[in-house]
4 protein chains.
Amino acid sequence: MPETIKNISKKDAILKAALQLFSHRSFDGTTIPEIARVANVGAGTIYRYFISKEDLVNELFVRVLDDFTEHLQVGLHGQMDTRTRFHHLFNNAWNYVMNNVEAFLFINLNDEATYLNDRSRKSFSRMWDYIAEMVEQGADKGELIKLDPKFVASLVYGPLIPISKRFNNDNRQASQALAKALEEATWRAISTD
Amino acid sequence: MPETIKNISKKDAILKAALQLFSHRSFDGTTIPEIARVANVGAGTIYRYFISKEDLVNELFVRVLDDFTEHLQVGLHGQMDTRTRFHHLFNNAWNYVMNNVEAFLFINLNDEATYLNDRSRKSFSRMWDYIAEMVEQGADKGELIKLDPKFVASLVYGPLIPISKRFNNDNRQASQALAKALEEATWRAISTD
Amino acid sequence: MPETIKNISKKDAILKAALQLFSHRSFDGTTIPEIARVANVGAGTIYRYFISKEDLVNELFVRVLDDFTEHLQVGLHGQMDTRTRFHHLFNNAWNYVMNNVEAFLFINLNDEATYLNDRSRKSFSRMWDYIAEMVEQGADKGELIKLDPKFVASLVYGPLIPISKRFNNDNRQASQALAKALEEATWRAISTD
Amino acid sequence: MPETIKNISKKDAILKAALQLFSHRSFDGTTIPEIARVANVGAGTIYRYFISKEDLVNELFVRVLDDFTEHLQVGLHGQMDTRTRFHHLFNNAWNYVMNNVEAFLFINLNDEATYLNDRSRKSFSRMWDYIAEMVEQGADKGELIKLDPKFVASLVYGPLIPISKRFNNDNRQASQALAKALEEATWRAISTD
DNA sequence: GATGAATGAGGATTCATTCAT
DNA sequence: GATGAATGAATCCTCATTCAT
């Protein structure tokens with residue numbers, strides 16, 4: 001097998017197709033044959049990699065969340081001052097959302113779903129806790145407002161939801177300008193400046 | 001028939017049950033018999049009031065959105081200064097969300113759904129446009145930041161999404177304190193003060 | 001109630017509507033609400049006159065068959081010679097079919113149906129026996145061919161089936177000419193001339 | 001898989017079961033699970049071969065009609081004299097009806113049905129036109145009566161309908177005698193001898 | 001390993017029948 | 001008597017899952 005498009009493993013192709021479909025028609029609105037068709041595999045093949053449809057959505061959820069959480073942390077160190085850390089965190093989130101709109105839609109469509117298992121819920125909490133933790137440390141230093149950290153995190157995370165739904169990052173430059181404006185607005189919202 | 005809980009018309013009972021179920025299990029994850037059971041009607045009865053399941057979700061969506069949009073406008077007048085108008089708008093939104101968590105979840109779970117018809121989309125746009133319009137007028141007076149108004153609206157609307165998912169308004173007093181804190185944070189985010 | 005269109009009893013209106021619908025969409029393809037609508041009565045009203053849908057189709061079948069059988073006998077006497085009796089019988093059948101196409105279609109669509117009860121089957125047999133009997137008497141006199149009388153009756157009755165389906169008696173005169181031609185052809189088929 | 005009864009393809013088994021059931025209980029009176037049970041397949045399997053129940057009845061109708069029409073033509077050539085051609089045509093029809101009673105019932109139960117599509121109607125017309133054409137050529141030579149050819153065709157085709165319903169070809173010899181008698185009677189009806 | 005035909009449980013929807021008004 | 005809203009059993013059809021190839 002050459003190292004081209006072909007060597008995307010079938011499992012990855014399935015996960016990719018599932019992400020695309022789940023993010024637009026929801027879990028229950030997407031069928032296994034549809035996923036198989038988009039992934040270019042037989043329907044039965046999906047069951048070679050996943051025990052069930054629920055297993056598939058959970059594995060996908062964990063992958064997406066862990067990937068997102070990892071992205072959030074890129075370039076952050078404990079020694080940075082609060083504003084700088086926020087800058088990195090916010091930009092990491094923004095860039096992830098812009099480059100993985102479907103993944104972000106998928107997260108927000110499913111984060112409360114009944115079919116998520118413990119592992120999925122834990123992955124979601126980890127992401128959320130990570131943001132909250134950063135907020136908390138800033139609050140401890142008196143640089144961020146003192147409220148339930150998850151509440152403050154909502155001020156950072158929340159605006160990205162409608163934005164991910166309604167803004168297409170056609171224009172890279174505009175996107176960077178918007179990113180900067182949003183970062184500043186968010187900082188004003190949560191900082192004690 | 002006593003004039004109490006009993007004489008809620010069947011149609012309203014169905015819509016209420018549908019809202020409850022759709023907001024927790026999504027449209028495709030909810031079955032008609034389930035809705036019928038929760039609404040305390042026969043499954044066939046649903047089809048006396050709605051042509052199809054899609055028709056039901058659309059009528060529900062329009063009702064919820066129009067209700068929400070109406071709530072947003074309570075007490076606002078053109079003569080108010082921008083800060084006061086924002087205060088009312090924000091509090092109207094907050095109170096609606098706290099008192100109608102399922103409705104708000106339902107909106108955010110379905111606003112991009114493929115089964116929404118034109119009428120539903122229009123109702124959603126109307127709500128969104130209303131917020132954007134208020135933002136625009138504030139920007140014209142130089143009191144709110146000058147960005148795409150829908151982008152700014154995301155700063156107001158967006159945080160309510162994770163909050164509606166993760167905070168239960170058990171404590172009325174706490175809720176009021178949070179509302180005030182969030183209002184101020186949001187104002188800092190979008191104002192040019 | 002004036003003696004106009006109004007005093008068609010509801011029962012008759014129901015039977016009329018049922019005949020019209022059953023003859024075009026079959027028993028199982030016709031719904032009670034449809035019959036009610038065509039008959040201009042409430043669906044529940046049908047159950048005031050008929051125990052069930054099966055009861056309705058059976059009562060209709062008996063009425064139609066008995067009416068048809070009666071029509072066949074108009075003007076026939078035992079003293080007539082075979083040719084004359086045949087002439088009357090044939091013309092009675094022809095006229096009935098032309099004036100009651102739906103009734104005749106209804107008969108031929110249902111004569112073997114599993115939902116017919118004994119009374120209905122008996123009414124059908126009576127009609128068929130009547131034709132067969134006439135054939136038998138002609139055969140006894142040596143004027144008609146000697147075969148199983150029901151077989152011979154098929155030569156008389158059978159051609160009317162495709163004719164009822166495919167010829168509309170728009171043209172009364174043409175119809176009379178066809179009637180005469182068909183009568184003669186049928187006579188040649190079954191007579192020993 | 002042995003090359004016997006087993007390797008009748010599932011599609012054929014479904015068509016066979018459908019023919020059997022449709023000819024006795026009509027299209028609307030037959031359920032998909034019933035067909036599946038008789039065909040010895042799962043209900044869902046039917047939808048692998050047919051888009052819908054209507055699609056099934058139409059494909060069956062076309063197959064039956066085309067098969068019948070083909071049978072009618074066996075052994076006929078243009079050079080034959082009219083009587084000989086009639087002999088073949090009639091016997092082909094008779095044999096088809098006796099050996100495929102259900103198919104013939106099915107035709108006559110459905111030829112005017114609202115659920116038939118254009119292709120089905122065309123197949124039916126083709127059969128009917130074929131008989132009419134033979135009649136017309138005989139009429140042109142002055143050997144058959146001069147009437148609307150479809151009307152004359154009714155004299156040939158029509159008697160087979162009640163016969164197919166009421167005579168079982170238990171007795172092969174009797175059947176042949178009846179065939180001969182019916183052929184002669186029909187010939188007398190339509191010829192100018 | 002990969003496939004997709006086959007399955008039947010389950011879903012949306014219809015409709016014969018009932019019954020309160 | 002007449003109605004039609006209400007019902008839930010039954011229908012068509014879909015789809016997650018299995019398994020023979």
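Given the structure is predicted, the values throughout are model-derived calculations rather than measurements. Naming convention: chains lettered A, B, ... in sequence-line order (proteins, then strands); numbering from 1 in each chain.
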### Query
Should the ring pair D/F68 and D/F104 be called parallel, tilted or perpendicular, given that the plane angle runs from 0 to 90° and is split at 30 and 60?
perpendicular

### Message
Does the plane of the ring in C/F124 sit parallel, tilted or perpendicular to the ring in C/F61? Use 30° and 60° as the thresholds.
### Response
tilted

### Task
Using a 4.5 Å cut-off on heavy atoms from C-beta on, say whether the side chain of A/D67 contacts that of A/V64.
no

### Query
Side-chain contact, heavy-atom cut-off 4.5 Å: C/V38 with C/L21?
yes

Provide, to the nearest angstrom, the distance between the [atom1] atom belonging to [X] and the [atom2] atom belonging to [N].
| X | N | atom1 | atom2 | value |
| --- | --- | --- | --- | --- |
| C/D55 | E/dA16 | CG | P | 14 Å |
| C/I35 | F/dT3 | CD1 | C1' | 17 Å |
| A/R37 | E/dT3 | CZ | C1' | 17 Å |
| D/I14 | F/dC12 | CD1 | C1' | 15 Å |
| D/I46 | F/dT14 | CD1 | P | 13 Å |
| D/K11 | E/dA5 | NZ | C1' | 15 Å |
| D/N40 | E/dA5 | CG | P | 20 Å |
| A/I51 | F/dT18 | CD1 | P | 10 Å |

#### Entry: Most 5' of D/A43 and A/T30 on DNA chain F, judged by nearest nucleotide
D/A43

### Message
Using heavy-atom distances to pick each residue's nearest nucleotide on DNA chain F, tell me which of A/P33 and D/K53 is more 5'.
### Response
D/K53

## Note on the structure
Side-chain contact check for C/T31: nearest option of E/dA6, F/dC13, E/dC15 is E/dC15

### Query
Where the side chain of C/R48 is defined as all heavy atoms beyond and including C-beta, which of F/dG1, F/dA16, F/dG4 is the nearest nucleotide?
F/dG1

### Query
D/Y49 side chain N/O closer than 4.0 Å to the phosphate oxygens (OP1, OP2) of E/dA6?
yes

### Message
Can you see if the side chain of D/Y47 gets near the phosphate of F/dT14 - specifically, an N or O under 4.0 Å from OP1 or OP2?
### Response
no

Using a heavy-atom cut-off of under 4.0 Å over every strand shown, decide if [X] touches base, sugar-phosphate, or nothing.
| X | answer |
| --- | --- |
| B/F50 | nothing |
| D/T45 | base |
| C/I32 | base |

### Message
Looking at every non-hydrogen atom in both residues, tell me the closest pair between D/R25 and D/T30 and how far apart they are.
### Response
CB-OG1, 3.8 Å

### Message
My understanding is that a pair needs two contacts under 3.5 Å, Watson-Crick or G-U wobble. By that rule, which nucleotide pairs with E/dA20?
### Response
F/dT3

